[in-house]
Amino acid sequence: MTKIVGHRGARDIWPENSLTGFRNVLALDVDAVEFDVHLTDAGELVVIHDATLDRTTDKTGPVRALTPQDRATAHLECSSDTVLTLAEVLAVLAKADGKRLHVEIKSDEADQPYLGITGKVVAEIERFGLADRCHLTSFDVSVLEECRRVAPNIARLVSVNAEWAQQQGGLEAFLKSVEGLVDIVAIHHELMAAEWTLITQMLPLHRLGVWTLNDEALIRPWLERGIGHLTSDSPDLALRLHRDIQLQTQPA
C-alpha cells in the first residue's frame, strides 16, 4: 500500500515548512511529513528548504547568517508564521503517534554540507524520542554515510533526479552505490517514468518513493502501480485518490 508523504508540510495548502502547515497536515491522515533542516552560524537548526531566505521569507541572505533574533521576525511568504527551529517542528510532530518524519539534511548556499549538522539533528531527534519514526534524507551520499556513522539506528532515504544521477555516473551506478546504505530511494517522477524497467529490476516497489506529484493526472498512475511512497505538495488530493482506488479495487 502506498504511503502518502506531505512535502514541506503540505505547501500547496499552507506555507511551506510552517507551523500552520505542520499542525494541519497531521489532520489529513498522511503517513509521513517531509521537511528540510539547515544549520545557522549561531548554532540553530532551522526548518527551511532553500539555503537563502529570499524565496520563502520577507528577509534576504543566506540562512546560515540568520541570528535567533532575526529568525523570530523572519515571516514566511504571505503569512504570519516565522522560520521554525527543528525543536519547534519536532514538538508538534511528536504528538502524532505513528507518523513518519522525513528529515532532509540540507547544504549551505555554496552547496557544501554544514559542519556538524548531522550530529546536531540526530541529537534533537533522540531528545524527542523520535529515532524510530524518522528517515534521515539527502541527495548527497556522503551525508547519508555520515548519518549511518552517527546514528546507524535511524533509517535513511536518498533522493535522486536525472541531473543528479548523471553527475553520479548514471542511474544504475547510483542505485548500486546506495544499496545497503538506504532503505528508500526517492526518485523524481520524470526519471522514474523514463527508467521504470531498470528501477524495478533493481528495487522492489516498497523501497521506491516518487516525487513531487500534485495533480490527479500525475498522482493516479503511480498509485495504481502500487509505488511504495508518494510525496505531494497536495497530500489531501493524493489521499482522496488513494481511497478512491482502494474502493474501486475491492471485490464486490
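Values below: all heavy atoms of this structure, side chains included; hydrogens, waters and symmetry mates excluded.
The OG1 atom of T212 sits 7.5 Å away from the CD atom of E34 when rounded to the nearest 0.5 Å. Here the CG atom belonging to L223 is positioned 6.5 Å from the CG atom belonging to L241, to the nearest 0.5 angstrom. Put simply, OG1 on T118 and CD on E145 are 11.5 Å apart, with the number rounded to the nearest 0.5 Å. Between the CG atom of D81 and the OG1 atom of T56 there is a distance of 11.5 Å, given to the nearest 0.5 Å. Taking OG of S234 as the start and CD of E216 as the end, the distance is 12.0 Å to the nearest 0.5 Å. Taken to the nearest 0.5 Å, the OG1 atom of T82 stands 12.0 Å off from the CG atom of D70.
I105 and C147 get closest at one heavy-atom pair: CD1-SG, 3.7 Å. In terms of heavy atoms, E44 sits closest to P68 at OE1-CA, 3.5 Å. Across all their heavy atoms, G9 and V33 have their closest contact at CA-CG1, 4.2 Å. Taking both residues in full, the closest heavy atoms of S107 and A51 are given as O-CB, 3.8 Å, listed atom of the first, atom of the second, then distance. Nearest heavy-atom pair, A131 versus E126, reported as atom, atom and distance to 0.1 Å: CB-CG, 4.5 Å. Nearest heavy-atom pair, T60 versus L53, reported as atom, atom and distance to 0.1 Å: O-CD1, 3.7 Å.
One finds no salt bridge joining R240 and D236 here, because no Lys/Arg side-chain nitrogen approaches an Asp/Glu carboxylate oxygen to under 4.0 Å. Using a cut-off of 4.0 Å between Lys/Arg side-chain N and Asp/Glu carboxylate O, K176 and E179 are scored as not salt-bridged.
Just one of H206, H135, R207 meets the side chain to side chain donor-acceptor pair (under 3.5 Å) condition when paired with D183; it is H135. Screening I125, L101, V143 for a side-chain contact (heavy atoms from CB on, under 4.5 Å) with L136, the sole residue that qualifies is I125. Put simply, the residue from L208, I184, V178, L198 that forms a side-chain contact (heavy atoms from CB on, under 4.5 Å) with L203 is L208. Partner I227 forms a side-chain contact (heavy atoms from CB on, under 4.5 Å) with one of V210, T200, L213 and no other, that one being V210.
Put simply, the side chain of K99 reaches to within 4.5 Å of the side chain of D29, judged on heavy atoms. Side-chain contact check for V141 versus F174: some heavy-atom pair is nearer than 4.5 Å. No side-chain heavy atom of E195 sits less than 4.5 Å from a side-chain heavy atom of E172. Annotation: side chain of I48 is not in contact with side chain of K106 (no heavy-atom distance under 4.5 Å). Looking only at side-chain heavy atoms (C-beta outward), L93 and F128 stay at 4.5 Å or farther from each other. In this structure the side chain of S232 never reaches within 4.5 angstrom of the side chain of V30, judged on heavy atoms. You'll find the side chain of E16 stays beyond 4.5 Å of the side chain of H7, heavy atoms only. With contacts defined as side-chain heavy-atom distances shorter than 4.5 Å, the pair L86/F35 qualifies.
At most 12 non-hydrogen atoms from other residues, nucleotides or ligands lie less than 6.0 angstrom from CD of Q166. For L115, the CG atom is loosely surrounded, since the number of other residues' heavy atoms within 6.0 Å does not exceed 12. Dense packing is recorded around CZ of R64, with more than 12 heavy atoms of other residues, nucleotides or ligands lying under 6.0 Å away.
Listed for the R71 side chain is a donor-acceptor partner under 3.5 Å among the backbone atoms of V83. In this structure a side-chain-to-backbone donor-acceptor pair under 3.5 Å is present from D58 to H75. Not a single donor-acceptor pair under 3.5 Å links the side chain of W222 to the backbone N or O of L230. A donor-acceptor pair is defined here as one N or O able to donate and one able to accept, closer than 3.5 Å; no such pair exists between the side chain of D233 and the backbone of N214. Looking only at distances, no side-chain donor or acceptor of R8 sits under 3.5 Å from a matching main-chain atom of N17. A donor-acceptor distance shorter than 3.5 angstrom exists from the side chain of R100 to the backbone of D132, with no hydrogens or angles considered. Under the 3.5 Å distance criterion, the side-chain polar atoms of N24 are matched with a main-chain donor or acceptor of T20. Of the possible donor and acceptor atoms, none in the side chain of R55 sits under 3.5 Å from a partner among the backbone N and O of E77.
If you chain together hydrophobic residues whose side chains sit under 4.5 Å apart, F22 and L76 never meet in one group. Cluster annotation: V47 is not connected to V5 through the hydrophobic network of ILVMFWY side chains, with a link wherever side-chain heavy atoms come within less than 4.5 Å. When hydrophobic clusters are built by joining Ile, Leu, Val, Met, Phe, Trp and Tyr residues whose side-chain heavy atoms come closer than 4.5 Å, directly or via intermediates, L84 is not grouped with V63.
Between W211 and H188, a ring centre-to-centre spacing shorter than 6.0 Å is recorded.
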- Kindly determine whether L205 and R225 satisfy side-chain contact (heavy atoms from CB on, under 4.5 Å), including the steps that lead there. CA-CA 9 Å; L205 289 176; R225 282 178 166 177; 5.7 Å; no
Side-chain donor-acceptor pairs under 3.5 Å in residues 153-160, sequence neighbours left out?
residue : atom : partner : partner atom : Å
R156    : NE   : L181    : O            : 2.6
R156    : NH1  : I154    : O            : 3.3
R156    : NH2  : L181    : O            : 3.1

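Side chain to side chain, D50 and T52 fail the donor-acceptor criterion of an N or O pair below 3.5 Å. A donor-acceptor pair shorter than 3.5 Å cannot be found between the side chains of H229 and D31. Between the side chains of D36 and H49, no donor N or O sits under 3.5 Å from an acceptor N or O.
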